[in-house]
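What follows is a short report on a single structure.
Values below: every heavy atom of this structure, side chains too, minus hydrogens, waters and symmetry copies. All residue numbers in this chain count up from 1 along the given sequence.
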Amino acid sequence: MTVESSALYDIPGPKALARHRAYGLVALVLIAGLIAWVVYMLFHTHQFTYAKWEPFTYRGVQDLLLRGLGYTLKAFGWTVLFALPFGALFAAGRLSDHRVVRWFSTLVVEFFRAMPLLVMIFFIFVALKVQPLWALVAGLVLYNGSVLAEVFRAGVLAVPKGQREAAYALGLRKTQVMAYVLVPQANRAMLPAIISQLVVALKDTSLGFLITYEEFLHAGKLIATNLDYDLPFIPVVIVIAPIYIGMCLLLSWLARWVERRSRRSPSVRGGAPVAKAGVALGLPPSAQQGGG
């Protein structure tokens, strides 16, 4: 029996496999011990008492959390709506043949990508007197849009150079080359990075509570710091964290679904199949006619 080799690493033998299993078992025991210790400390500090969890049975608290979740999704939706076109526009500017456009786009992208997000949000909210929602959205768009611009630019540049040269040889203009050749091929490579940045934008909406925007974390903070509810900080974290994680997992699932759809798309696979050429025996038709 032959064993296939790998160009990146040697296939582990029986001793290496046993060693890897032992490492995995030790890591599993350590993780289980850590989880058990955390649960013990939660019980030891009385985090699961009825007094700390009772607030979540109140209709007002439930409405507060649902309203905060709605505001979070609202800010995220506006961010996605503006950040993607912002990134595409300045990515195209950075790829432009015009030096002024390229320099201006580079300056904008590098400036907002390097600027701390919280500083931008506070500046827009305090100095420009913008409402909390739009101050948060503007800061998220400027930062995440600048990062997405680099993602789009890198994805287009990652397409093999021959694809661009072949398109120009067919007489296509630059906009046609970008729209019909480069961007469709770069989409699949860019999709994981785009979704990762959208996950970052979703989590960064929690910064809105610093400017009194009543998003999900702000609602949780109001509950956790309430003396009437016995300061249920840990219960609030236990309730809010899985919801944030669930929304991020939903975005990841959406990315995988889009990727599967793109793989089944005829345009991605290369168009309609080409029929096989038939083989005809004997002389070509012109020779047969000439001989007759």
| task | Using the rule that two of Ile, Leu, Val, Met, Phe, Trp, Tyr join whenever any of their side-chain heavy atoms come within less than 4.5 Å, decide whether Leu73 and Leu66 are in one cluster. | result | no

| request: Carefully, step by step, assess Phe86 and Leu142 under the rule side-chain contact (heavy atoms from CB on, under 4.5 Å). | output: CA-CA 8 Å; Phe86 182 96; Leu142 292 175; 4.1 Å; yes

| Parallel, tilted or perpendicular: ring planes of His20 versus Tyr23, cut at 30 and 60 degrees | tilted

| field | Evaluation steps, side-chain contact (heavy atoms from CB on, under 4.5 Å), between Met190 and Phe152 | value | CA-CA 7 Å; Met190 294 187 298; Phe152 295 154; 3.6 Å; yes

| message | Looking at Gln62, I want to see if its CD is surrounded by more than 12 non-hydrogen atoms of other residues, nucleotides or ligands under 6.0 Å. | response | yes

| So do the side chains of Met178 and Leu95 get within less than 4.5 Å of each other, counting heavy atoms only? | yes

| Identified side chain to side chain contact (heavy atoms under 4.5 Å, CB included) counterpart of Ile121 within the set Leu210, Val126, Leu207 | Leu207

| field | side-chain contact (heavy atoms from CB on, under 4.5 Å) between Arg21 and Leu25, intermediate numbers included | value | CA-CA 6 Å; Arg21 292 192 186 100; Leu25 182 60; over 6 Å; no

| query | Are the charged groups of Glu150 and Arg94 less than 4.0 angstrom apart, N to O? | reply | yes

| request: Say whether Trp134 and Leu128 are linked into one hydrophobic cluster, either directly or through other cluster members, by side-chain heavy-atom distances under 4.5 angstrom. | output: yes

| message | For Tyr213 together with Phe125, are the ring centres under 6.0 Å from each other? | response | no

| request: Following the transitive rule for hydrophobic clusters with a side-chain heavy-atom cut-off under 4.5 Å over Ile, Leu, Val, Met, Phe, Trp and Tyr, establish whether Phe112 and Val80 coincide in one cluster. | output: yes

| said: Whether the side chain of Ser96 engages the backbone of Ala92 through a donor-acceptor N/O pair (distance < 3.5 Å, no angle test) should be reported. | reply: no

| said: Can you classify the ring geometry of Phe43 versus Phe48 as parallel (below 30°), tilted (30 to 60°) or perpendicular (above 60°)? | reply: tilted

| request: Determine whether more than 12 heavy atoms belonging to other residues, nucleotides or ligands lie under 6.0 Å from atom CZ of Phe104. | output: no

| message | Do Phe122 and Phe111 sit in one hydrophobic cluster, given that two such residues count as connected whenever their side-chain heavy atoms are within less than 4.5 Å of each other, even indirectly? | response | yes

| Are Gln197 and Val200 side-chain neighbours, meaning at least one heavy-atom pair lies under 4.5 Å? | yes

| request: Please state whether the rings of Trp78 and Phe82 are parallel, tilted or perpendicular, taking 30° and 60° as the class boundaries. | output: parallel

| Trace of the side-chain contact (heavy atoms from CB on, under 4.5 Å) decision for Ile223 with Leu65 | CA-CA 9 Å; Ile223 301 170; Leu65 289 174; 3.7 Å; yes

| request: Decide if atom OH of Tyr244 counts as having more than 12 heavy atoms of other residues, nucleotides or ligands within a radius under 6.0 Å. | output: yes

| task | Could you state whether Val236 and Ile238 fall into the same hydrophobic cluster, counting links through intermediate Ile, Leu, Val, Met, Phe, Trp or Tyr residues with side-chain heavy atoms under 4.5 angstrom apart? | result | yes

| note | The residue among Leu140, Val137, Leu81, Leu251 that forms side chain to side chain contact (heavy atoms under 4.5 Å, CB included) with Phe76 is Leu251

| message | Can you classify the ring geometry of Trp253 versus Trp257 as parallel (below 30°), tilted (30 to 60°) or perpendicular (above 60°)? | response | parallel

